[in-house]
Amino acid sequence: MTAVVTLLAVAVALLGILVVGLLRSHADVLRALHQIGVNVEHGADPVQGLTIEGVPDGRSSAAPALGDRVATDIMGLTPEGDVARVAVVGTRRTTLLAFLTTGCATCAGVWRDLAAEGAAADQDEQVVVVTRSPDLESPAAVAQLAPPDVTVIQSTE
């Protein structure tokens with residue numbers, strides 16, 4: 001009987017330590033969310049205040065700074081060797097950049113999905129696949145995987 005009570009006391013103590021650890025980790029997550037401006041209080045809009053400053057719909061006409069990096073337009077070559085440029089900065093169009101390679105197993109699924117789904121039908125949206133430049137990625141392999149209605153640019157920069 002004493003062994004059972006001792007075993008239960010140890011189990012309760014271990015569970016108590018687990019709960020304290022979970023509560024501490026939860027507090028750390030909430031603190032980090034608060035630092036980036038996410039309001040997690042009950043009933044609050046969690047993304048309030050997360051739009052780009054001065055632009056109500058969250059889109060910017062200038063390049064937003066991301067740490068020490070700045071968004072830039074994408075320039076490079078198509079798989080056919082033509083020079084291409086996709087405007088990302090200063091446009092009202094939403095652009096989804098998919099950085100893919102031809103030899104990655106995870107990327108293969110994205111290539112397949114893009115071929116099946118195609119590009120965005122909305123003129124305010126575009127999908128652009130960016131691969132490494134032709135000296136690092138085979139243009140023939142990129143051309144074979146490139147969906148016909150999705151812009152594909154080879155650019156390491």
Side-chain angles (χ1 to χ4, degrees), residues 18-157:
L18 177 67
V19 168
V20 168
L22 287 173
L23 288 173
R24 182 177 177 166
S25 132
H26 182 70
D28 290 342
V29 169
L30 289 176
R31 192 175 309 109
L33 287 172
H34 178 70
Q35 286 175 346
I36 63 170
V38 177
N39 186 354
V40 292
E41 293 187 23
H42 181 70
D45 180 9
V47 294
Q48 181 180 11
L50 289 182
T51 58
I52 297 172
E53 190 173 325
V55 182
D57 67 355
R59 296 181 184 178
S60 174
S61 60
L66 302 172
D68 62 345
R69 295 180 166 237
V70 175
T72 61
D73 293 343
I74 305 296
M75 295 186 292
L77 298 173
T78 66
E80 296 78 29
D82 299 325
V83 175
R85 177 178 175 264
V86 174
V88 175
V89 178
T91 180
R92 306 255 334 139
R93 193 174 202 186
T94 301
T95 304
L96 171 66
L97 298 174
F99 294 92
L100 303 175
T101 67
T102 57
C104 162
T106 303
C107 295
V110 177
W111 285 108
R112 272 193 311 272
D113 291 346
L114 283 172
E117 298 293 325
D122 188 345
Q123 289 189 358
D124 290 335
E125 300 173 349
Q126 67 179 336
V127 176
V128 177
V129 173
V130 181
T131 69
R132 294 178 294 180
S133 58
D135 58 323
L136 298 172
E137 191 85 50
S138 165
V142 172
Q144 184 178 7
L145 290 171
D149 56 347
V150 174
T151 302
V152 178
I153 294 183
Q154 293 191 264
S155 175
T156 301
E157 291 180 32

Legend entry - Side-chain heavy atoms of P147 within contact of W111, under 4.5 Å: yes
Legend entry - Where V152 and P79 come nearest, the two heavy atoms and their spacing: O-CD, 3.6 Å
Inset, instruction - Go through the structure and list residues passing side-chain contact (heavy atoms from CB on, under 4.5 Å) with T78, not counting sequence neighbours. - result: E80, D82, A84
Legend entry - D73 side, atom CG; T91 side, atom OG1 - distance, nearest 0.5 Å: 9.0 Å
Legend entry - Residue that, paired with Q126, satisfies side chain to side chain contact (heavy atoms under 4.5 Å, CB included) out of T94, L97, V150, V86: V86
Inset, instruction - Would you mind reporting whether V142 and P139 have side-chain heavy atoms less than 4.5 Å apart? - result: no
Legend entry - Heavy-atom side-chain proximity of L114 to L100 below 4.5 angstrom: yes
Inset, instruction - Test V128 against every option in V88, L96, T95 by the side chain to side chain contact (heavy atoms under 4.5 Å, CB included) rule and name the one that passes. - result: T95
Inset, instruction - For E137 and Q154, indicate whether the former's side chain and the latter's backbone hold a donor-acceptor pair under 3.5 Å. - result: no
Inset, instruction - Test side-chain contact (heavy atoms from CB on, under 4.5 Å) on T131 and T102 and set out the steps. - result: CA-CA 8 Å; T131 69; T102 57; 5.6 Å; no
Inset, instruction - Look up atom CG in L136 and atom OG in S133, then write down how far apart they are to the nearest 0.5 Å. - result: 4.5 Å
Legend entry - Flag side-chain contact, heavy atom, 4.5 Å: V129 against I153: no
Inset, instruction - Could you grab the distance from atom CG of L18 to atom CG of L23, nearest 0.5 Å is fine? - result: 9.5 Å
Inset, instruction - List the atom of S155, the atom of G76, and the distance in Å for their closest heavy-atom pair. - result: CB-CA, 4.0 Å
